[in-house]
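What follows is a short report on a single structure.
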Amino acid sequence: MSRKTHTHKNRKNPNQKKLSASAESLLAGIGLIRSSPLFGGLDGEIIPQSKQRLGAKTPAVVDSQGHIYVNQDIFLPAKQWLYIIAHCLLHLAFGHFDAVNMPSYEKQLSDGTTKRTVSFQPFLWNEACDIYVDRFLADLKTGEPLMDLRTFPLPGNLKTELQLYEYLTEHHAGASIQYFGTAAPDQCDMSGLSHPLTYDTANGEYNHFASCFACHLAECVSDAVTTSGGHEKQHFSNTPAAKAARWFIDHYPLLGGIASHFRIIEDYRCCYQNEIRIAAIDVSSQEIYINPACKYNQNQWRFVLAHEYLHAGLKHNERSIGRNAYLWNIACDFVINGWLHEMQLGEMPTDGLLYDESLRGVSAESVYDRILSDMRKYKSLDTFHGNGHGDILDTGGPSKHGSLSKYRTGAVSLDDFLQEALQQGLEFHQSHNRGFLPAGLIEEIRALSMPVIPWDVQLAEWFDLHFAPLEKHRTYARPSRRQASSPDIPRPLYVPAEILEHNRTFGVIIDTSGSMEPKQLGMALGSIASYAAAKEVPYARVVFCDAAAYDAGYLSVEDIAGRVQVKGRGGTVLQPAVRLLEQAEDFPQNGPILIITDGFIESSLSVKQEHAYLLPSGSRLPFTTRSPIFYFKPS
């Protein structure tokens, strides 16, 4: 079972009572269910109950939420418990609680002389479903049934639950019939039939019990056919998805190097447990998960795999820093799918595809900014993973299927290998004229070869932009030393220009809320002080801000570096601090402002003067901005 049962472990405790024979038999039956290839992976929660709760003659009852209540006080052989629990699981798997499957109409019945209207009868629907489930278990030869279905003859043309229900309604309404459920004869073993389940399919809702059962049934059939043919179990090596992966290695050099180091995992159970509707990639474990339930052809899988390979090669999992990971995933999907459409690589699937012709040639960062303006719309879109999930997985752990490559732990890191493979593939692709590539894709691949500029270097460049080096001038007020060869000739002294705090200063707004760590603040302030000193900026106007603004006035760079007393520690609202600086008479109108925050601030911030943001790595602003953002990594 995929969920943990609520049974207690039999610990070796001398004071603990020995389990009864009925409880021991129940545990043995649960063990048989867990070891079953078909029923062991189905979703359901077994909850032992006493006979006072369920009734002395009720072995088990199941509800629509997947809870299977079993009577631990009834003694039954383990094989009968196997049958009972499997019976309850099949009620869930066959959708017997779903409104779409249940009869909800009134029907006119004639018994010869009179006519009567019969509305939906939950007990007879339960009985029809029990007969259907018992037939299924009889064909599988699973466990030991509680009653023999052959003692209740039925016409052979009754194939579905609805047909069985209509037969029971017409021929046995009001009469005493034989009951084949797992509850007492006068009770339903399906609890909650008066409130059938409905699903909002437009928002991706579905019966996950039925979906799980379909995947496991298909896997069991595949294994049985393979075994009966005298072959070992194949790991889908000849599936369309596997053939598509080999095609990249053999015929498409741009992505062939990346394809050679990713394993294709086609596993029903894994995809079900992780809600992977079509595909997803885990870069850290070098695995791409493919849902075998998607009946795509080889060309469609080429499109999907190329999509996932580009996620890995362009390092989209790392470039999401400071952004919402799911919305960044959507932005990257739009860009990649646009490229693949231009390249005519494979066949574009009709479902689970994020494609917009108007976004052609737009970078992922720009698409992300557009998404932020209408997050409600874009959050409802589906990726290849499914609704609400990105197809870029980040488990951060090793592969569950074993290591694939020396690049994981060798001298070359995985990121370096993927980057090199994509760049070499681009060179080979272009030199041998292997097909059209969009300009945006070429630019991104080439940009990967450029070293990333550290945040502190970016901050230094920001200071360079706003504070040009001071020019020195000559003065005779304090002559320099006279040269020995010409002692009568005075020499000038070169001194820097006079520094005024009103024309060579900047503002610093510091978020001092409880969400900002003192270590983060210390690192940021230290870096600011060092660059201010290097640019001969003697003072900075410092404002601390949380729920209110605290003006610290002009502080020397030495004070910023080590002797600033942090105030505040409340909720964060930065607008008062911005207003204080912009309206201050002693602060220049062209003075730049550096805002230090962790991003947990108001949803909009109006700053008229030149400004930049300094955020800890992994944080993000709740709004879009064209101003520079520097992400520092606290050591």
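The figures that follow rest on heavy atoms only: side chains count, while hydrogens, waters and symmetry mates do not.
Side chains of Glu308 and Phe384 form a contact here, defined as non-hydrogen atoms less than 4.5 Å apart. Put simply, the side chain of Leu305 does not reach to within 4.5 Å of the side chain of Trp247, judged on heavy atoms. The shortest side-chain heavy-atom distance between Met343 and Leu441 falls under the 4.5 Å cut-off. A heavy-atom distance below 4.5 Å is not found between the side chains of Asn324 and Ile371. Within the 4.5 Å cutoff, the side chain of Arg370 has heavy atoms near those of the Leu359 side chain. The side-chain heavy atoms of Val367 and Asp356, taken from C-beta on, include no pair separated by under 4.5 Å. Ile601 has its side chain within reach of Pro622: a pair of non-hydrogen atoms, C-beta onward, lies under 4.5 Å apart. With contacts defined as side-chain heavy-atom distances shorter than 4.5 Å, the pair Tyr368/Leu327 qualifies.
Glu610 contributes no side-chain N or O that, together with a main-chain N or O of Asn590, makes up a donor-acceptor pair within less than 3.5 Å. With hydrogens and angles disregarded, no donor-acceptor distance shorter than 3.5 Å links the side chain of Asn299 to the backbone of Glu347. Distance alone, capped at 3.5 Å, is enough to place a donor-acceptor pair between the Tyr326 side chain and the Gly388 backbone. Judged purely by atom type and a 3.5 angstrom limit, Ser606 has no side-chain atom pairing as donor or acceptor with the backbone of Gln575. Using a distance-only test at 3.5 Å, with no hydrogens or angles considered, a donor-acceptor pair links the side chain of Gln286 to the main chain of His261. Checking side-chain atoms of Tyr554 against main-chain N and O of Asp586 turns up a donor-acceptor pair under 3.5 Å. For Asp598 (side chain) and Phe600 (main-chain N/O), a donor-acceptor pair under 3.5 Å exists by modelled atom type.
Within a 6.0 Å radius of CD in Glu357, more than 12 heavy atoms belonging to other residues, nucleotides or ligands are found. By the 6.0 Å contact criterion, CD on Gln430 is enclosed, its count of non-hydrogen atoms from other residues, nucleotides or ligands being greater than 12.
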Q) Should Tyr289 and His385 be marked as a side chain to side chain contact (heavy atoms under 4.5 Å, CB included) after you check the CA-CA gap, both sets of side-chain angles, and the distance that decides it? A) CA-CA 9 Å; Tyr289 302 96; His385 190 162; over 6 Å; no
Q) Could you walk me through whether Tyr613 and His611 pass the side chain to side chain contact (heavy atoms under 4.5 Å, CB included) check? A) CA-CA 7 Å; Tyr613 297 90; His611 62 286; 3.5 Å; yes
(Q) Between Leu340 and Met348, does the side chain to side chain contact (heavy atoms under 4.5 Å, CB included) criterion hold? Intermediate values first, please. (A) CA-CA 8 Å; Leu340 295 177; Met348 182 182 290; over 6 Å; no
Q.
Set out, in order, the CA-CA distance, both residues' side-chain angles and the distance that settles side chain to side chain contact (heavy atoms under 4.5 Å, CB included) for Asp511 and Ile596, then state yes or no.
A. CA-CA 6 Å; Asp511 177 359; Ile596 308 174; 5.9 Å; no
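Residue Leu381 holds its CG atom at 11.5 Å from CG of Asn329, rounded to the nearest 0.5 Å. Rounding to the nearest 0.5 angstrom, the gap separating the CD atom in Glu318 from the NE2 atom in His316 is 11.5 Å. Rounding to the nearest 0.5 Å gives a distance of 9.0 Å between OG1 of Thr383 and CD1 of Ile392. The CD1 atom of Ile595 lies 6.5 Å from the CG atom of Leu574; values are rounded to the nearest 0.5 Å. To the nearest 0.5 Å, atom CD1 of residue Ile258 and atom OH of residue Tyr252 are 11.5 Å apart. From Leu314, atom CG reaches atom SG of Cys332 across 8.5 Å, with rounding to the nearest 0.5 Å.
For Ala279 against Ile290, the heavy-atom pair with the smallest separation is CB-CD1, 3.7 Å. Closest approach of Leu345 and Phe303 over heavy atoms only: O-CD1, 3.4 Å. Taking both residues in full, the closest heavy atoms of Asn291 and Cys271 are given as CA-SG, 3.5 Å, listed atom of the first, atom of the second, then distance. Contact detail for Gly257 and Ser260: the closest heavy-atom pair is O-OG, 2.7 Å. Taking every heavy atom of both residues into account, Pro349 and Tyr296 meet most closely at CB-OH, 3.7 Å. The shortest non-hydrogen separation linking Trp301 to Ile278 is CH2-O, 3.9 Å.
Of the N and O atoms on the side chains of His311 and Asn317, not one donor lies less than 3.5 Å from an acceptor on the other residue. Residues Asp391 and His307 bring a donor and an acceptor atom of their side chains to less than 3.5 Å of each other.
Among pairs with a residue in residues 573-583, none fulfils salt bridge (Lys or Arg N to Asp or Glu O under 4.0 Å), at least two apart in sequence or across chains. Under the salt bridge (Lys or Arg N to Asp or Glu O under 4.0 Å) criterion, the residue pairs touching residues 332-342 are Glu342-Arg360, with sequence neighbours excluded.
Relative orientation of the Phe262 and Tyr309 rings is tilted, given thresholds of 30° and 60° on the angle between their planes. Ring geometry, Phe334 versus Tyr378: the interplanar angle exceeds 60°, so the pair is classed perpendicular (tilted spans 30 to 60°).
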